[in-house]
Amino acid sequence: MIATRIDGKLLAAKLREEVKVDAEKFEREYGRKIGLAVILAGENPASKIYVRNKIAACEETGVKSMEYYLPDSVTTEELVELVETLNADENVDGLLVQLPLPAGVNEKAVLGAVAPGKDVDGFHAVNAGNLMLGNPCLAACTPSGVMELIKSTGIAIAGKHAVVVGRSNIVGKPVALMLLSENATVTVCHSRTQNLADYTRSADILVVAVGKKEFITGDMIKPGAVVIDVGMNREDKKLYGDVEYASAAEKAAFITPVPGGVGPMTITMLLKNTVKAAYFGKKQ
Ligand code: NDP
């Protein structure tokens, strides 16, 4: 079997068109643009690239981007104060604090200060808790993008065995909860899992978020599976996934490439969350 490549760029472009339409509608209804504020503290080069991409995506979709650049020396108190100011700003619908924060800053305190209704990254304990309870919430962006990619294949999720490799709070755990809420039977694997391949080989849907270059190989994949590769591993200026694409594509029915799979979906789901937060704010 040679897998169909799931095109994240194409799906992201389609969803960004929806954001554009929603953003225009909001502006017509409320006389201002939807606003997304981003706080970037410190000089992390990867964060700078990511923030630049967010700004470009906002421009493309008609969402107003507001950036707040702070030095490495910023304190927890200063960051919390800025977050509280933006929480109270009616022109700010979505607010995100770019991670990682400079050493010495209390990340938990800063993220915890973001108003849950503006927490478009979906990292706040209130949103994470509501996701767990199955309540409406702003859900984490990369996991939401993973779900859109799986759904784009047209396969039924209910009743399937979904295996998630990785259990981080930002990817593995929320993806597992989302799959569960779609009635998959979910197994979560991690660094202490024994005989990992026994689990991956029984996965109808396999989501890999480990952070190790080409960690999952074709022999670990069930024929006909849907494989979603979240990994982003840079080596010699090249980007590699957590799945060895060539051998995996010989087994799977559908597979995401890296780059061009999950990556383009993350910022797109951030924009979707920002639209959701804007309308939610108006209902309150
Ligand atoms: P973390 O480092 O937070 O988590 C990695 C997970 O992998 C942990 O749960 C860890 O287990 C598990 N793991 C490590 N080694 C093994 C192993 N040998 N066998 C099984 N499981 C193992 O990473 P993230 O979740 O933040 O990110 C994962 C990958 O996804 C990275 O490459 C990251 O760059 C990428 N990513 C991509 C995004 C995108 O937009 N495309 C967004 C976010 C992340 P344990 O808990 O036991 O330590």
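Numbering of ligands and ligand atoms starts at 1, following listing order.
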Q.
Grouping I, L, V, M, F, W and Y whenever their side-chain heavy atoms are under 4.5 Å apart, do V92 and V275 come out in a common cluster?
A. no

Q: State the CG-CG distance between L177 and L133, to the nearest 0.5 angstrom.
A: 9.5 Å

Q | Within the protein, residues bringing a heavy atom under 4.0 Å of ligand 1, chain by chain | A | T142, V165, G166, R167, S168, I170, V171, H190, S191, A209, V210, G211, K212, F215, V230, G231, M232, N233, V262, G263, T266

Sequence neighbours excluded and cut-off under 3.5 Å, please list the side-chain donor-acceptor pairs for residues 209-221, or say none.
from: K213; atom 1: NZ; to: E235; atom 2: OE2; distance (Å): 3.2
from: T217; atom 1: OG1; to: D219; atom 2: OD1; distance (Å): 2.5

Q. When I6 is tested against each of I228, L11, I150 for side chain to side chain contact (heavy atoms under 4.5 Å, CB included), which residue passes?
A. I228

Q. If you measure from CD on E43 to NZ on K48, what distance do you get to the nearest 0.5 Å?
A. 3.5 Å

Q | Point-to-point distance, once rounded to the nearest 0.5 Å, from OG of S144 to CG of N273 | A | 6.0 Å

